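Along the sequence shown, residues carry numbers from 1. Remember, predicted model here, so these are calculated numbers, not experimental data.
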Amino acid sequence: MATIGCGYWGPNLIRNCVEIPQVSLEAVADLDWERLTHVQTRYPGIPMVTDDYTQLFDTGIDAVIVSTPPETHFEIVTNCLEQGLHVLVEKPLATTSAEARKMVEMAERYDRILMVGHTFEYNPAVRALAASVRSGELGRIHYIDAVRVGLGLFHPTLNVIWDLAPHDVSILIHVLGEVPTSVSTRGIACVQEAVEDVAYLTLNFPSGIMAHIRLSWLDPSKTRRITVVGDKKMIVYDDVEAHEKLKVYDKRVDTIRRTDTFGDFQFAYHYGSIVSPYVHFEEPLRLECLHFTESVLNNARPVTDGWNGLRVVEVIEAAQRSLEQGGVRVPVDSTLSADAPRPSNGVAPAVDPLRS
């Protein structure tokens, strides 16, 4: 295996590749020799570092992990697929749905595995959140509120929507099992002209559920929180929390019979206990890298395959169009439902990496 890109996120991928017994990391590519020297010093066992990723094609590798700026994904990934390599690429899969679809179709045509790094879908706490929603424990879901804010890192060309929203969009699709039908977006550029660093997205799902996402690179406190409100219970997933990442609130409001008598209560409030279920935590990125490795070794379709990545790009693309049109509701142009069977390229069905 080889990795392309060792900037912000790349070193974490390299570390996991080195630590996974089934992986032999043969090479690392990056344009910055300072970064390559750092990697070579830390991991002297890596046989090759290069500033030309095409040199990796002659090393005999069968898979590559791409962690480069999103605008470079299309060229690099398609080149790797043409060379017969299986590819794990960081989110978003591409910066247009047209490019994303071409990448997915190319992987199918070359019978290669294409996996997208939607890391939170491998997070045990997110999996527990999805299980709670799907079990009916919360009752009928009213709405979802997601917050992903902090100070930096600013991207010079792509806005905060393309940078942060793929995380929450992939989580919502995974948790609800459905793809948004429309999205409306408002945002502002505070620091860099024409590059929005604050944005608010409202997504509407086929079931009638509404989800709201607040994104910012310009916030004093790092927050990674999702609140799901049902008619029986409510649950909060807080990724910043060290231990109690999930909290289930036995709280709800019920309507009661209306009367003509002034002062009679028309709502019944239920206040129960707050429970933090135990979640056995493992590093999501390690689970992601391990799942990619096992998918390649077993010729199995990964959970976050290219079609999964395409769905997310379609939603982000619609959000961008809404932003450019002043926040109007824009339909999500997707022909794929969350659980629709994807075209087969001869690989086995996906195996859940967190299955007990």
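Residues R301 and E108 are paired through a salt bridge, judged by an N-O separation under 4.0 Å between the basic side chain and the carboxylate. R252 has a carboxylate O that lies under 4.0 Å from a charged side-chain N of D250, or vice versa, which qualifies the two as a salt bridge. Under the 4.0 Å criterion applied to side-chain N and carboxylate O atoms, R148 and D168 are assigned as salt-bridge partners.
In this structure, the side chains of L246 and V248 stay at 4.5 Å or more apart for every pair of heavy atoms. Side chains of I14 and C6 form a contact here, defined as non-hydrogen atoms less than 4.5 Å apart. In this structure, Y237 and D239 have side chains that are in contact, with non-hydrogen atoms separated by less than 4.5 Å. Residues T293 and M1 have side chains in contact (heavy-atom distance under 4.5 Å, counting atoms from C-beta outward). Under the 4.5 Å side-chain criterion, counting only non-hydrogen atoms from C-beta, P166 is in contact with I316. V279 has its side chain out of reach of R127: every pair of non-hydrogen atoms, C-beta onward, lies at least 4.5 Å apart. Two residues are said to be in side-chain contact when any heavy atoms from C-beta on lie closer than 4.5 Å; Y43 and R15 meet this criterion. Residues Q22 and L297 meet the side-chain proximity criterion, which asks for heavy atoms closer than 4.5 Å.
Aromatic ring orientation, H167 versus F120: perpendicular (interplanar angle above 60°, classes split at 30° and 60°). Using cut-offs of 30° and 60° on the angle between ring planes, the pair H280 and Y278 is tilted.
No side-chain donor from either of S97 and E314 sits under 3.5 Å from a side-chain acceptor of the other. Side chains of E288 and N16: a donor-acceptor N/O pair is absent below 3.5 angstrom, by distance only. Of the N and O atoms on the side chains of Q55 and T50, at least one donor lies less than 3.5 Å from an acceptor on the other residue. Side chains of N204 and S182: a donor on one and an acceptor on the other come within 3.5 Å.
Annotation: the span from L129 atom CG to N123 atom CG amounts to 9.5 Å, rounded to 0.5 Å. Expressed to the nearest 0.5 Å, how far CZ of F292 lies from CG of L88 amounts to 5.0 Å. In this structure, CZ on R109 lies 8.5 Å from CD on E82, to the nearest 0.5 angstrom. Taken from OH in Y122 to NE2 in H291, the straight-line distance is 4.0 Å, to the nearest 0.5 Å. Distance check, rounded to the nearest 0.5 Å: CG of D197 to CZ of F154 gives 5.0 Å. We find the CG-CD1 distance between L172 and I226 to be 5.5 Å, quoted to the nearest 0.5 Å.
Taking every heavy atom of both residues into account, P44 and T41 meet most closely at CD-O, 3.7 Å. Nearest approach of W217 to N159, heavy atoms of both residues: CH2-C, 3.5 Å. The nearest pair of heavy atoms linking L25 to P47 is O-CD, 3.5 Å. In this structure, C80 and I4 approach most closely via the heavy-atom pair SG-CD1, 4.0 Å. Taking both residues in full, the closest heavy atoms of C190 and V198 are given as SG-CG2, 4.3 Å, listed atom of the first, atom of the second, then distance. The two atoms that bring C17 and I65 nearest to each other are SG-CD1, 3.4 Å, heavy atoms only.
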Test side-chain contact (heavy atoms from CB on, under 4.5 Å) on H73 and L93; report intermediate values, then the result. CA-CA 7 Å; H73 287 179; L93 174 58; 5.9 Å; no
Please lay out, stage by stage, how E71 and T95 fare under the test side-chain hydrogen bond (donor to acceptor under 3.5 Å, both in side chains). CA-CA 6 Å; E71 57 269 29; T95 54; over 6 Å; no
Evaluate side-chain contact (heavy atoms from CB on, under 4.5 Å) for E121 paired with N308, printing each intermediate quantity in order. CA-CA 11 Å; E121 292 196 43; N308 176 293; 3.3 Å; yes
